[in-house]
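Remarks on the structure that follows.
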Protein chains: 2
Amino acid sequence: MASKVKSTARSSAMSELPLNKIVQGSCVDVLNSLPEKSVDVIFADPPYNLQLKDDLHRPDNSKVDAVTDKWDQFSSFAAYDQFTNEWLEAARRVLKDTGTIWVIGSYHNIFRVGYSMQNIGFWVLNDIVWRKSNPMPNFKGTRFTNAHETMIWASKSENAKGFTFNYDAMKAMNDDTQMRSDWVLPICAGKERLQDDEGKKAHATQKPEALLYRVIMSSTKPGDVVLDPFFGSGTTGAVAKKLGRNFIGIERESRYIKVAQKRIDAINPLEDEVLGYTQGKRAAPRVPFGSLIERGMIKPGMVLKCSKGKYSAKVRTDGTLVSDDVKGSIHQVGAKVQGAPACNGWTFWHIENEGQMMSIDVFRQQVRADIN
Amino acid sequence: MASKVKSTARSSAMSELPLNKIVQGSCVDVLNSLPEKSVDVIFADPPYNLQLKDDLHRPDNSKVDAVTDKWDQFSSFAAYDQFTNEWLEAARRVLKDTGTIWVIGSYHNIFRVGYSMQNIGFWVLNDIVWRKSNPMPNFKGTRFTNAHETMIWASKSENAKGFTFNYDAMKAMNDDTQMRSDWVLPICAGKERLQDDEGKKAHATQKPEALLYRVIMSSTKPGDVVLDPFFGSGTTGAVAKKLGRNFIGIERESRYIKVAQKRIDAINPLEDEVLGYTQGKRAAPRVPFGSLIERGMIKPGMVLKCSKGKYSAKVRTDGTLVSDDVKGSIHQVGAKVQGAPACNGWTFWHIENEGQMMSIDVFRQQVRADIN
DNA sequence: CCATCTAGTGAATCAGGGC
DNA sequence: AGCCCTGATTCACTAGATG
């Protein structure tokens, strides 16, 4: 079982790796106490420096529980950059020459992280986009829904060789086509989300195990050492243990260590368990009518008609239709012109082509084939 | 029709904007010749690849020395950073205070671009992932398929207000759910891909019109000025013209200007009716609650209730409400009786009419219809 | 036990105009 | 710059209660 290492680690160098342990202390101090070139992979989820100001309320007036922890506060970009440089330098020292590093972030910090990584000498192998299947909406309707986070995957240097990439395993996991740089995964919620003694979320930014599963499966071998310098609720350790990898966790705060330790102790690594994110075919993907216009399949100004030609409407640039004074989606306008309560615009509207009526649903099927 | 402006632009400042023209010259020189705070949106597709060091020029048009083995990595990054800083500074000068900028890149350069943008003072609104539905595979099987590119969308400064985001049009284009930060679109191929006289692709990195369509639709209004400092094959100009926006293109190389000009000349702009797009309540004229009283739609002394009848208030002659000791506007009283931080009184308050609850917003809509 | 409804929540740089 | 007022705004999913 994993056990906690006291903070004496700060002052004295460790001769051996604290395998499968959570080391308490500042990440740079602890990293500097570890032997150089000793770990295979680093996964880091550093503070994002979100710079949130006022409270945010949902349309129903409930307050959004934002990340207001002190560990996410920095006085300036310069302070954040210094912090970033220091931990990245320390991380690079303990990484084997054949090792790779993953760092996750959002637009608040990822450009600064990537800039620093490249300057230090890390060589970017991929940037990976975690597309959240269920992100939080933009409640005020002021921007695009912030629906993804970015991971940078890098080797130790430009000419580093011998790092692990389990190409075939990734391909097998992805229906026998190459795993892409965009991963669709749900956020961490429900029973997976750890709670503290008061029933509140134990950590503000707990990552889903499915994310770490793919990270560890792709870039490590069983028995490898995975180090996480911002261990938090311990997702990295939990998945590493489950998959037969060794972990090293570094975390400053006792409350997080307590939660993570309990979580990891409860994991049985012998189970040949299939994690809860299957790659099975989803239901047919939703295709917005607007995307047909962007793709040039339907042109703004085109006239759509019902199959019998009785009703017609003109396509606007934003994918809505206009028919006399009626404006709205293909479904809304289809319903209104008929005086019907509802209408499936995809099957109702047609394009007249050389005297023949062609359903716009044909285009939707083309886009679906294209997406897959 | 658009026409080419000779490179005299380099030395003499232009008093007027070269609307719907392609200006030949170095991007920084031309930008500096334009009046400040004059364009609404900038879309920039700068050179990506730090490996293509031969193609890298400093803003003064001098060529960056070929990188020998003696050069360390950082020095070549430094040259790119300088180039990036200079064109971004020049771009920021010509951008209106209410303007926004889009910059597209890949993991090779996007971190350096984002870092520079934040340092200069641009405020990131979103990072947008262009998820390619048909990317080039990773032939050697050594990494994840590089299947996306990243765009940074930013306002001119942290506190900039008044920039355009057509939230409702984006929502309409996306089947009436908020447009997300990940966009699934195919790469530019087939007939859309421009060819030169020899039948080869005219530009190495031609962007699909679908991408610019969404960029321009989301962040500009008809009649706005869209500037592209790396015009290339002219996708930005082509889509801008089609959508009834003005463009300014800057391009150094004659062969690209020739291709782009021919492309744009062939485009017919869309008619106004089609250019109309979905606008939300924010665009509707403001109707004071007091005007409903003046028009006799609501009478002083009437009792307003919330939809469930739990809260009530009485209308006073000046258009304010009173509920026990709470007095104020429909919004203020609505918020206070609920103990909520804010309230839209128009949708909160109702009138009970023969047992049915009718929102007072119905009256506002009548007034608005009346005004038109 | 199943179906249905209600409440809650997630790394968020989340308003705009007038004075 | 700062204050004040009006008034616009949410998606996917889970858990638990209710019928």
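Just so it is clear: chains get the letters A, B, ... in the order the sequence lines come, proteins before strands, and each one is counted from 1.
Across B/Lys171, B/Met217, B/Met170, a single residue satisfies side chain to side chain contact (heavy atoms under 4.5 Å, CB included) together with A/Asp318, and that is B/Met217. Screening B/Asp127, B/Asp182, B/Thr150 for a side-chain hydrogen bond (donor to acceptor under 3.5 Å, both in side chains) with A/His148, the sole residue that qualifies is B/Asp127.
Rounded to whole Å, the separation between the P atoms of D/dG7 and C/dC14 comes to 23 Å. If you take atom P in D/dT9 and the same atom in C/dG8, they sit 24 Å apart, rounded to whole Å. C/dA11 and D/dA15 are spaced 23 Å apart, taking the C1' atom of each and rounding to whole Å. When the C1' atom is used for both D/dA8 and C/dG10, the distance is 22 Å, rounded to whole Å.
Taking OG1 of A/Thr84 as the reference point, atom CG of A/Asn49 lies at 8.5 Å (rounded to 0.5 Å). Remark: A/Asp81 CG to A/Ser76 OG distance equals 8.0 Å, nearest 0.5 Å. Here the CG-OG distance, from A/Asn109 to A/Ser116, works out to 11.5 Å after rounding to the nearest 0.5 Å. The distance from the CG atom of B/Leu304 to the OG atom of B/Ser312 is 9.0 Å, given to the nearest 0.5 Å. One distance of note links OG of B/Ser155 with CZ of B/Phe163; it measures 5.5 Å at 0.5 Å rounding.
Listed by residue number, the members of residues 42-49 of chain A with any heavy atom below 4.0 angstrom from DNA chain C are A/Asp45, A/Pro46, A/Pro47, A/Tyr48. Less than 4.0 Å separates DNA chain D from no heavy atom of any residue of residues 66-84 of chain A.
Heavy-atom nearest nucleotides on DNA chain C were determined for A/Gln51 and for A/Ile187, and the one closer to the 5' end corresponds to A/Ile187.
Residue-to-nucleotide contacts include a donor-acceptor pair under 3.5 Å from the side chain of A/Lys207 to the base of C/dA11.
Taking the six-membered ring for Trp and the full ring otherwise, B/Trp153 and B/Phe165 have centroids separated by under 6.0 Å. Between A/His108 and B/Trp123, the gap from one ring centroid to the other reaches at least 6.0 Å. Close placement of the A/His203 and A/Tyr256 rings is indicated, their centers lying within 6.0 Å of each other. Separation of the B/Tyr311 and B/Trp349 ring centroids does not fall under the 6.0 Å cut-off.
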Within the sub-3.5 Å range, which N or O atoms of nucleotides 17-19 of chain D have a protein N or O partner, and how far apart are they?
none

Check your understanding: Would you write out the dot-bracket form of DNA chain D, 5' to 3', with Watson-Crick and G-U pairs under 3.5 Å, [ ] for crossing pairs, | for pairs to other strands and . for unpaired bases?
Key -> .|||||....|||||||||
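Taking atom CG on B/Leu125 and atom C1' on C/dC14, their separation rounds to 11 Å, with Å as the unit. In this structure, NZ of A/Lys132 is placed 8 Å from C1' of C/dG10, rounded to the nearest angstrom. In this structure, B/Lys161 places its NZ atom 9 Å from P of C/dA15, rounding to the nearest Å. Per the geometry, CH2 belonging to B/Trp153 stands 13 Å off P belonging to C/dC14, to the nearest Å. If you take CG of A/Leu52 and C1' of C/dG10, they are 13 Å apart, rounded to a whole angstrom.
For A/Ala204 against A/Asp69, the heavy-atom pair with the smallest separation is CB-OD1, 3.6 Å. Of all non-hydrogen atoms in B/Ala340 and A/Asn61, the two that sit nearest each other are CB-ND2, 3.3 Å.
Both tests do not hold together for A/Arg112 against A/Tyr80: distance to the six-membered ring centre under 6.0 Å, angle to the ring axis within 45°. A cation-pi contact links B/Arg92 to B/Phe122, judged by a cut-off of 6.0 Å to the six-membered ring centre and 45° from its axis.
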Exercise for review: Assign a letter to each nucleotide of nucleotides 6-16 of chain D from its 5' end: B, base within under 4.0 Å of a protein heavy atom; S, sugar-phosphate only; -, no contact.
Suggested key: SBBBBBSSSS-
Show every donor-acceptor pair shorter than 3.5 Å between a side-chain atom in residues 284-296 of chain B and any protein atom, with sequence neighbours excluded, or say none if there are none.
{"residue": "B/Ser291", "atom": "OG", "partner": "B/Pro288", "partner atom": "O", "Å": "2.7"}
{"residue": "B/Arg295", "atom": "NH1", "partner": "B/Asp370", "partner atom": "OD2", "Å": "2.8"}

Check your understanding: Can you list the steps and then say if B/Trp183 with B/Ile128 is a side-chain contact (heavy atoms from CB on, under 4.5 Å)?
Key -> CA-CA 7 Å; B/Trp183 302 356; B/Ile128 299 291; 3.4 Å; yes
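A sub-4.0 Å separation between OP1 or OP2 of C/dA15 and a side-chain N or O of A/Arg143 is absent.
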